[in-house]
Engineer: 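If you scroll down you'll find the structure; I have some questions about it.
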Amino acid sequence: MPPHPSPTATPRSDHSVDSAGGTEASAHGAKKRFLHDAREYVRDTDHRAFLRRALAGYYTTRDGQKARYRDWEHARDAANLAKWNAVNRLDEMLVLFADRFEAGGGKVHWARDAAEARTIILEIIRAAGAKAIIKSKCMTSEEIHLNAALEAEGYGVVESDLGEFIQQLRGEPPFHFVFPCMHVRRGEISKLFEEHLGSAPTESPEELTMIARRYMRRLYVEADVGITGGNFLVAETGQISITENEGNARLTAALPRVHVALVGIEKCVERLDDLAVLLPMLATAGTGQPLTCYNTLYGGPRAAGECDGPREMHVVLLDNGRAAILADPEQRDSLQCIRCGACLNVCPIFKNVGGFTYGTTYQGPIGSVITPHLRGLGDWNHLSQASSLCGACTDACPVRIDIHHHLLHNRRNAVRAVPNRLERIGHRMFAAVAARPRLFAAGGAIFRRSLWLLKKLRLPLLRDWIASRDLPKAPARSFRDQWRHRAAPAVARGRTDADGRPQ
Amino acid sequence: MNARDAILARVREALTVPGPGPHQRAGEMAGHGAAPHSAPLPLGNLPVLALEAARPWLPDGGATPEERLALLADNLGKLKAVFHRVPTIHAAQDLLFSIARERDWKRVAWHAHPLVEPILSGIPCATHRVDGAAAVTADPTTDSSLRKDALEACDAGITGCDALVAQTGSILVSSASCGGRSLSVLPPVHVVVAVPEQIVATLADAFDALRERHGSSFPSMLSFITGPSRTGDIERILVLGAHGPKELFVILVEDL
Ligand code: SF4
């Protein structure tokens, strides 16, 4: 198979960027970029088919795993309860967590925004006199553009998660926040490894994985600082919980002298027992596993009498716009997200426009809900339009976040903020016509006869809509007319024509 | 105001506006017609804990020891871990030695543990203990690389465990009772030795076992290991042995 030129092969960072990062694309720019990238990606049917093939296995394993629950729907209620409880008592949870974690010998840091988080982490690294840094998958670090900040200070950082490592070599952000390089074909990975690691070309995913494994081994041993994310903060016990499959996070938190975990403040749960519900559900929804391979709880650095582990452990709690989501009671539940990625995997828009098109750290439906809050500036509401409101995301969500209704609410808010006059006039006119049966009938008759004209006329607003769609054929008679003249007995005898219409 | 106080103030301020209660919809789907948002619950006062609400609906963990054993064996198989039941510690020894010979192991790593020590005595290869007195009291400035390198060069790590979870096929290890953090994840093969009494039904039962054993001062690391290390990052195709062990053996010694 010849390597396929990916539509997004040109390295670029996400459209983003926070206050300190510099190059904030204007809101208008982000929307234009979205439309442009979506158009490009949609044309690439090969790549879309590739994406669908990659996801096909996910659907079957997930469904098989769900079937092992005695009732998945009730279990979702319980998972929702666990996260709802913690998010709605977030202040209590954070204080409890911080106190108990520090009692275990670790240190808690608080970061209001991305810049503050970067400063804190840089200080920890400087104080440790670190040279080499190893990282395991951590979306919050993507959110604050940590790698760029570390590299600017002259530190080498290596991503140890295979998918993130591939993306790091490609100079791209993750395509999907759970499956970072799902858009890349094995041939491209082989080329990448040939170029950067000097390995021999191969088409075998197994061999490619082993090349990365061998390369990474020394780096774990030599790194002074390990940086990870965290999936849960357990208030009751003061532990952080990390979910992974490869073992790279385990190694990152075992071998270096210093362990830093960067975690969003919304990750709290009240009790250790809540994890007995959330860990299996995260795995089932995210990848279709009973439990991911490693689910690890850390209560601090190496304790007295233990033979290895870091001497220091730091947890950096990141706000960066999360409190703003909390302040919106309507969308508060979006903080319950456990980042399983299920809503992306089922989203018809994601599957058609791909992960990069969003231009956000968190792609897909949940990203479209939270990004306008997290980015603080600019208008990311165009993302709410990138939804068919089919509700597949809401159905897939293990913690029952009302994702598609939030997208609808965002649209409502956008219209309230900037009312669309033309649309309002249109709706008024329709209401006036629909309330007058005769006028409605006359309008219908005209419309049926002139439908074909719409395509020809290329009216300014309709043009974009019609460009990629076929107009339906206008029926010869109105519905009301057909109803009035229906042959009731014929229906009863079940006589219908080829199209199923009663004759 | 420092960052901690500022964030907590923002959070408290945000929560002064009451929000909807939890979304409890399974009943609604079954046709009971619950309102989309049930009435707000008084905070800090859940009518039922999440785990209690979920317990009847989560995957089964087995009601009897026989059921649990069968589930565990089935789950480990599906996870591509290798599960052996042996009658005695001698049989376990024979099994381990034959694996060692078959794979031509040069050196295996281990930790002091009442099951691990007897099973290893006489193994036909070199051994490396990770939790000797020297390691535990080592000077933090000099300890690191040498010992990391020594463990990295081992062919297998042999450990005990804190529990085996039937529901998910998981092995619970901790930094205090299983030779630290890296023994169970750095070598390319992980061998776990356990006894049937360690099998529990569900994750929640495993947490209970932990509380029983460690009280409220848990070891610094607790890890549920569910099958050998794996990745699907390349075209979503499953590959074992991403960064952790490629092979995982569980040896259950039925009669000590
Ligand atoms: S919104 Fe729900 S489905 Fe989407 S990533 Fe978060 S938890 Fe998963």
Side-chain angles (χ1 to χ4, degrees), chain A residues 54 57 68-71 73-75 77-78 80-82 84-85 88-91 110 112 162-163 181 186 205-206 208-209 213 221 245-248 250-251 254-255 272-274 276-277 290-291 293-300 302-303 305-309 311 319 323 326-327 329 332 400, chain B residues 3-4 6-8 10-12 14 17 19 22-26 29 43-44 46 50-51 53-54 56-59 130-131 135-136 140 145 148-149 152 168 170 175-176 180-182 185 203-204 207 218-227 229-231 233-237 239 242-244:
Chain A
R68 297 193 45 218
Y69 283 68
R70 284 168 284 183
D71 188 316
E73 295 304 324
H74 275 97
D77 281 352
N80 173 275
L81 193 65
W84 175 88
N85 174 48
N88 281 278
R89 295 162 61 200
L90 196 58
D91 50 336
W110 303 72
R112 277 166 280 211
L162 178 59
C181 69
R186 60 183 88 174
E206 162 130 32
L208 288 167
T209 304
R213 177 188 170 106
V221 173
N245 265 315
E246 298 183 359
N248 60 312
R250 284 270 320 259
L251 290 166
L255 298 173
L272 188 58
D273 279 345
D274 292 339
V277 183
L291 206 57
C293 206
Y294 301 98
N295 284 278
T296 311
L297 288 149
Y298 297 97
R302 153 190 338 194
E306 294 180 0
C307 60
D308 63 359
R311 298 285 174 174
D319 178 347
L326 196 67
R332 189 172 289 165
R400 283 198 194 283
Chain B
R4 174 192 155 107
I7 292 173
L8 287 174
R10 279 183 201 168
V11 168
R12 288 191 184 117
V17 186
H23 305 329
Q24 303 296 298
R25 295 202 176 147
M29 296 199 43
L43 290 173
L46 288 177
L51 173 62
W57 314 118
L58 291 173
V130 294
D131 59 349
V136 174
S145 347
K148 288 183 207 168
D149 281 332
E152 207 273 324
T168 54
S170 307
S175 49
R181 297 190 183 195
S182 34
V185 73
L203 285 177
F207 289 139
F218 285 162
S220 72
M221 182 211 77
L222 303 168
S223 189
F224 290 95
I225 300 175
T226 311
S229 153
R230 61 196 59 209
T231 184
D233 275 343
I234 300 174
E235 299 189 6
R236 307 292 323 128
I237 296 164
V239 176
H243 293 282

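Predicted model only: the values in this text are computed from it and were never measured. Just so it is clear: chains get the letters A, B, ... in the order the sequence lines come, proteins before strands, and each one is counted from 1.
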Engineer: Name the option with the most non-hydrogen atom pairs under 4.5 Å to chain B; the candidates are A:A327, A:G309, A:C181, A:C293.
Structural biologist: A:C293
Engineer: How about B:F224 and A:T296: do any of their side-chain heavy atoms sit closer than 4.5 Å?
Structural biologist: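 No, every pair of side-chain atoms sits at 4.5 Å or beyond.
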Engineer: Is there a donor-acceptor contact under 3.5 Å from the side chain of A:E306 to the main chain of B:P219?
Structural biologist: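 Side chain of A:E306 to backbone of B:P219: no pair is present.
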Engineer: Against chain A, label B:S175 side chain, backbone, both or neither, depending on which of its atoms sit under 4.5 Å from a heavy atom there.
Structural biologist: both
Engineer: The test is side chain to side chain contact (heavy atoms under 4.5 Å, CB included); show your working for A:Y294 and B:I225 and say whether it passes.
Structural biologist: CA-CA 5 Å; A:Y294 301 98; B:I225 300 175; 4.0 Å; yes
Engineer: First locate atom CD1 of B:I234, then atom OG1 of A:T209, and finally report the distance between them rounded to the nearest 0.5 Å.
Structural biologist: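 B:I234 atom CD1 to A:T209 atom OG1 measures 4.0 Å (nearest 0.5 Å).
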Engineer: Top residue by heavy-atom pair count (under 4.5 Å) with chain B, among A:A323, A:A78, A:G57?
Structural biologist: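 So the answer, after comparing A:A323, A:A78, A:G57, is A:A78.
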Engineer: Can you say whether B:V239 sits under 4.5 Å from chain A via the side chain, the backbone, both, or neither, judging by heavy atoms?
Structural biologist: side chain
Engineer: Would you mind telling me which of B:V17, B:L8, B:L222 has the largest number of heavy-atom pairs within less than 4.5 Å of chain A?
Structural biologist: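 Heavy-atom pairs under 4.5 Å are most numerous for B:L222.
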Engineer: Between A:N80 (side chain) and B:H23 (backbone), is there a donor-acceptor pair under 3.5 Å?
Structural biologist: yes
Engineer: Under 4.5 Å from any heavy atom of chain A, what part of B:I237 do you find: side chain, backbone, both or neither?
Structural biologist: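 Contact with chain A involves the side chain of B:I237 alone.
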Engineer: Would you compute the distance between atom OG1 of B:T231 and atom CG of A:L208 and round it to the nearest 0.5 angstrom?
Structural biologist: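 The OG1 atom of B:T231 sits 11.0 Å away from the CG atom of A:L208.
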Engineer: Report the C-alpha separation of B:L203 and A:L291 in whole Å, then their side-chain angles, then the decisive distance to 0.1 Å, and conclude whether the side chain to side chain contact (heavy atoms under 4.5 Å, CB included) test is met.
Structural biologist: CA-CA 10 Å; B:L203 285 177; A:L291 206 57; 4.0 Å; yes
Engineer: Determine, stepwise, if the pair A:R250 / B:H243 fulfils side chain to side chain contact (heavy atoms under 4.5 Å, CB included).
Structural biologist: CA-CA 9 Å; A:R250 284 270 320 259; B:H243 293 282; over 6 Å; no
Engineer: Report yes or no: does A:R302 contribute a side-chain atom to a donor-acceptor pair with the main-chain N or O of B:S220 at less than 3.5 Å?
Structural biologist: no
Engineer: Using modelled atom types only, decide if a donor and an acceptor are shared between the side chain of A:R332 and the backbone of B:A14 within a distance under 3.5 Å.
Structural biologist: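 Flag set: sc A:R332 to bb B:A14 pair under 3.5 Å.
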Engineer: Looking at every heavy atom in both B:S229 and A:E246, which two are closest together, and how far apart are they?
Structural biologist: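 Here B:S229 and A:E246 meet closest at OG-O, 2.7 Å.
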Engineer: Quick check: closest heavy atoms across A:L81 and B:P22, and the distance to 0.1 Å?
Structural biologist: CD1-CG, 3.7 Å
Engineer: So which of B:G227, B:A54, B:S223 has the biggest tally of heavy-atom pairs under 4.5 Å with chain A?
Structural biologist: B:S223
Engineer: For residues B:R181 and A:G300, report the shortest heavy-atom separation together with the two atoms involved.
Structural biologist: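 Scanning both residues, the minimum pair turns out to be NH2-O, 2.9 Å.
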Engineer: If we define contacts as heavy-atom pairs under 4.5 Å, which of A:P205, A:A82, A:G247 has the most with chain B?
Structural biologist: A:P205
Engineer: Ignoring hydrogens and geometry, is there a side-chain-to-backbone donor-acceptor pair from A:D71 to B:W57 under 3.5 Å?
Structural biologist: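 Side chain of A:D71 to backbone of B:W57: no pair is present.
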Engineer: Where on B:A6 is there a heavy atom nearer than 4.5 Å to chain A: the side chain, the backbone, both, or neither?
Structural biologist: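 The side chain, not the backbone.
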Engineer: Can you tell which part of A:D273 gets under 4.5 Å to a heavy atom of chain B, answering side chain, backbone, both or neither?
Structural biologist: both
